[in-house]
Structures are given as structure tokens and as C-alpha cells.
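These notes are about the structure you will find just below.
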Amino acid sequence: MAIDFSQIPSPCYVLEEKLLRKNLELINRVQTESGAEIILALKGFSMYKMFPMVKKYLSGATASSLNEARLIVEEMGCLAHTYCPAYKPEEFEQILSYSSHISFNSMNQYKQFKSQVEKSEKKVSMGLRINPQYAEVSTDVYNPCVVGSRLGITREALGDTLPEGIEGLHSHTMCENDSYVLERTLVHIEEKFGDLLHQIKWLNLGGGHLMTREGYDHTHLISIIKRLKSTYNIDIILEPGSAIAWQTGYLRSRVLDIVDAQGIDVAILDISFAAHMPDTLEMPYKPKVWGATDAAQGKPTYRLGGMTCLAGDYMSEYSFEKPLEIGDTVIFDDMIHYTMVKTTTFNGVGLPSIGIWHEDDTFELVKSFGFESFKEKI
Ligand SMILES: Cc1ncc(COP(=O)(O)O)c(C=O)c1O
């Protein structure tokens with residue numbers, strides 16, 4: 001059944017339950033056939049209303065802060081794999097209590113917190129984030145291996161042997177990549193850290209494995225994981241964020257005004273690219289809009305504008321089958337991962353509501369936000 005937008009407020013992120021389940025089923029197949037542990041990276045998708053479903057298929061979740069670790073414990077009912085570029089001393093005890101695995105970003109941090117981990121009653125497995133100095137990520141802002149990156153320890157900085165108590169290594173260098181990028185990355189990891197892989201219990205290969213994108217070669221990924229497991233006799237952990245919520249829903253918006261901006265027709269919408277879809281400006285990329293194409297001659301064509309006063313809060317240019325009118329619905333596709341987790345109330349703009357289109361074709365409004373949400377954070 002087609003989605004009935006009259007039931008959905010504007011603006012609203014709408015997650016389609018059946019699409020999330022489809023992704024989770026696929027990822028679970030990879031998990032079962034490869035023997036890897038695949039966990040959700042909360043930084044990409046932390047809509048905890050869906051955690052019970054996520055937990056049915058995946059092994060758990062990874063946190064990059066105390067807040068995320070606590071959310072995993074409270075809403076997913078399991079302990080977190082935690083990695084943070086630097087832990088705050090005043091938060092570390094709590095982080096420990098919420099975690100099964102803790103990875104350190106530097107030798108300093110390992111030295112600072114090692115004894116606290118060892119003293120803890122709960123057994124928490126310690127790891128180190130490594131920097132293999134190889135990534136195939138075209139945008140520097142998403143590349144953890146650019147020269148001068150603060151993320152991870154290079155082989156020179158690590159020295160010849162693993163520090164005492166370290167049971168795992170963590171490497172995150174990928175972004176929306178396929179299994180062939182992983183294979184080429186592993187050449188560098190094994191060249192630089194291969195001797196240490198024989199000494200650890202687990203290797204966390206981070207996120208960026210976009211295994212739910214059409215055309216992804218799952219058989220190849222499974223063979224890579226099996227080879228690693230048997231060569232080094234280690235557990236393999238993958239912690240994708242995007243792949244879990246990839247193409248599972250959209251941002252519903254509405255046309256508020258149409259202005260002629262010195263010859264360019266601009267439809268001003270009740271959303272903001274800066275506040276509600278920041279990756280479109282940061283990466284940058286042009287999101288798909290339902291029923292629209294890139295600018296096409298002879299068709300009604302618009303720049304889509306956000307409702308903040310930021311001059312650059314717009315996206316060019318989209319052609320529609322018929323002219324837009326005030327009140328029309330405009331749907332931005334694939335707006336579930338890295339959106340809700342990144343929203344701001346810049347300019348005081350309201351946060352979009354959050355809803356679920358359920359598998360039985362009913363709509364559930366999970367959250368809507370008002371003045372209090374704005375006031376609370378400023
Ligand atoms: C350490 C770490 N793990 C996992 C992820 C999730 O990556 P993705 O959402 O691209 O799969 C990220 C993303 O930045 C990350 O920094």
C-alpha cells in the first residue's frame with residue numbers, strides 16, 4: 001500500500017518498519033554465514049524505539065560517548081562496545097559500567113585508564129584503535145587517515161609488542177564502501193599490524209561497510225571475514241551505522257512559499273538542509289526527492305530552500321512533472337541515517353517529528369518537538 005501522507009505531520013522523519021527489517025535480515029545473514037559479530041553504530045542511527053527490532057537481528061551496538069553507551073544499556077538491554085577519541089576522567093567509571101569492550105584512541109589514554117579497567121569488578125575487554133594510514137574516502141572530513149588525523153595509533157607509535165591487557169584492535173577507515181575496499185584496506189592492516197593480529201582476541205573493523213546498498217558483494221565479504229577468522233583465530237566485529245538504516249525512510253516536508261529569486265524559482269520548505277539534513281551540505285551531496293529529477297529543460301524547475309536565514313541553506317535544482325504549489329508535499333528520500341542524530345534548532349527552527357510507517361500500514365507518531373526542546377538546549 002502507498003504511504004498515506006495525509007496521516008503524517010510536516011516536517012517528519014518517517015521510518016518504514018518493513019525496510020528496516022529487510023536490512024536487518026540481510027545483515028543478519030552476513031553475520032550468520034561469516035561468523036562475524038555485527039553491531040549497530042549509534043552515531044548513525046539511534047532511534048531507540050526500533051532497538052527491540054535491531055536486537056532481534058544484530059549482536060548489539062557500539063557507542064562513541066557516555067550518552068550512547070547508556071542508551072544501549074537502557075534501551076537495547078546489552079552492554080556497549082565503546083570507543084571515544086578521548087574519555088573524560090569524570091565519566092570513565094560510568095562508561096566502564098555500561099561497556100563490554102573499551103577501545104582507546106591513544107597510548108596516553110590507555111595508560112591513564114588501564115588500571116581503572118583492571119580494578120573494575122566487571123571484566124571489560126580493552127582494545128586500541130589503530131590507524132593503518134590507508135583509506136579510500138574522497139571527502140577529507142570523513143577520512144580518518146588524512147595526514148595529521150587524530151584518530152588511531154600508527155604502527156610507529158605503538159611499538160613492537162601489544163601493551164599489557166590489550167585484547168583487541170579497532171580500525172575504522174571506511175565510509176559507504178564495499179567489500180573490495182575492505183580487502184585493499186586489509187592489505188595495509190596486515191602489512192603494518194599482522195604480527196599483532198596473532199596476539200589479539202578480537203578485531204573490530206569499524207563502520208563504513210555499506211552491505212545494504214544494491215550490488216554489494218556479500219559472498220566476497222563473507223569470504224574475507226572467514227579468512228581473517230581462520231588465519232588469526234580471532235573474533236571479527238563490524239560496526240556499521242549507515243548500512244542498518246540505509247534507505248529505510250524519508251523526510252516529509254511541505255512547500256511554504258515560492259519566490260522568484262532574480263530569475264530562479266525557489267520553493268521555500270518547512271525544513272532546513274543545515275538543521276535537518278546537515279550531511280547534504282557537509283559532504284556535500286544532493287538528496288533524491290520523490291517524483292523529481294535533476295534540472296531538466298522544459299519542466300518546472302526549482303531550487304529547494306530551507307527555512308533558516310543561512311544564505312546557503314538550499315539545494316539546486318530539481319525538476320517536477322507539474323509546477324509546485326504552496327502546501328505541496330516534498331519528500332526527501334533516504335533521510336533516516338545521520339539525520340535525526342545530527343539535527344539542530346539553529347534559528348529556532350523546530351525539529352521534525354519522528355514517525356514509523358508500520359508493516360501493517362498504520363502510522364505511529366513517535367515524537368514531536370516544541371518550544372521546550374529548543375529552550376532546553378540553549
Ligand atoms: C569508529 C566508528 N565506527 C563506526 C562508524 C559508523 O560508520 P558508518 O555509519 O559509515 O557505517 C563510524 C562513523 O563515523 C565511526 O567513526
Side-chain angles (χ1 to χ4, degrees), residues 20 23-24 26-27 30-31 36-47 50 54 57-69 71-72 80-87 95 99-106 109 127-132 134-146 149-153 168-179 181-182 185 189 202-213 216 218 221 225 236-249 277-280 282-283 285 334-342:
L20 179 64
N23 282 356
L24 291 168
L26 190 158
I27 296 170
V30 172
Q31 188 170 234
E37 200 179 322
I38 306 186
I39 60 181
L40 164 68
L42 254 65
K43 70 192 82 195
F45 176 66
S46 50
M47 185 179 169
M50 304 314 295
V54 171
Y57 296 94
L58 303 189
S59 306
T62 181
S64 37
S65 59
L66 171 59
N67 287 336
E68 286 186 352
L71 194 66
I72 290 168
H81 289 237
T82 307
Y83 157 77
C84 184
Y87 297 102
I95 287 199
S99 306
S100 59
H101 295 66
I102 291 228
S103 293
F104 296 107
N105 186 59
S106 71
Q109 284 256 306
L128 294 176
R129 176 161 175 175
I130 54 170
N131 175 359
Y134 178 84
E136 296 187 28
V137 179
S138 48
T139 319
D140 277 359
V141 75
Y142 292 117
N143 184 349
C145 296
V146 283
S149 169
R150 70 191 185 293
L151 304 169
I153 306 168
L169 293 177
H170 181 291
S171 171
H172 169 79
T173 60
M174 292 176 33
C175 179
E176 297 190 359
N177 289 137
D178 63 19
S179 58
V181 173
L182 174 63
T185 304
I189 294 181
W202 52 268
L203 173 65
N204 182 328
L205 288 167
H209 311 272
L210 198 42
M211 58 187 94
T212 45
R213 174 152 56 194
Y216 190 99
H218 304 107
L221 174 65
I225 294 170
I236 299 295
I237 303 159
L238 305 182
E239 48 175 38
S242 289
I244 279 114
W246 184 253
Q247 291 184 333
T248 56
M277 300 177 267
D279 276 2
T280 62
E282 276 174 23
M283 193 126 178
Y285 78 96
D334 195 20
M335 280 300 158
I336 301 298
H337 53 100
Y338 291 102
T339 49
M340 287 174 248
V341 291
K342 283 189 152 187

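Whatever order the structure lists ligands and atoms in, that order sets their numbers, starting from 1.
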Atoms of ligand 1 under 4.0 Å from any heavy atom of Pro240, numbered from 1 in the order shown, are 11 (O)
Ligand-side contact atoms (ligand 1) for residue partner Ala41, heavy atom cut-off under 4.0 Å: 4 (C), 6 (C)
Going by distance only, is there an N or O of Gly208 that falls short of 3.5 Å from an N or O of ligand 1? yes
Under 6.0 Å between ring centres, would you say that holds for His218 and Tyr216? yes
Would you check whether Gly241 has a nitrogen or oxygen atom less than 3.5 angstrom from a nitrogen or oxygen atom of ligand 1? yes
His172 and ligand 1 - part of the residue with a heavy-atom distance under 4.0 Å: side chain
In chain order, what residues pass the salt bridge (Lys or Arg N to Asp or Glu O under 4.0 Å) check against Asp334, with sequence neighbours excluded? none
Answer yes if the ring centres of Phe104 and Tyr87 are under 6.0 angstrom apart, and no otherwise. yes
In terms of its nearest heavy atom to atom 9 (O) of ligand 1, the top option of Tyr142, Tyr338, Trp246, Phe45 is Tyr338
Quick one: does Met174 get a heavy atom under 4.0 Å from ligand 1? no
Judging by distance only, is a nitrogen or oxygen of His170 under 3.5 angstrom from one on ligand 1? no
Just to be sure I read this right, does ligand 1 sit under 4.0 Å from the backbone of Ser242, its side chain, both, or neither, counting only heavy atoms? both
Please name the pair of heavy atoms, one in Thr339 and one in Ile336, separated by the smallest distance, quoted to 0.1 Å. OG1-O, 3.1 Å
Considering only protein heavy atoms, which is closest to atom 2 (C) of ligand 1, and at what distance to one decimal place? Lys43 NZ, 3.4 Å
Atom 4 (C) of ligand 1: closest protein heavy atom, distance to 0.1 Å, is Glu239 O, 3.3 Å
Quick one: does Trp246's side chain get under 4.5 Å of Leu210's, heavy atoms only? yes
Has Gly44 got any heavy atom lying under 4.0 angstrom from an atom of ligand 1? no
Below 30° counts as parallel, above 60° as perpendicular, anything between as tilted: where do the rings of His101 and Trp202 land? perpendicular
Check: residues 169-176 side-chain donor-acceptor pairs under 3.5 Å, at least two apart:
from	atom 1	to	atom 2	distance (Å)
His170	NE2	Glu239	OE2	2.9
His172	ND1	Gly207	N	2.9

Should Ile39 and Ile237 count as side-chain neighbours, where that means a heavy-atom distance under 4.5 Å? yes
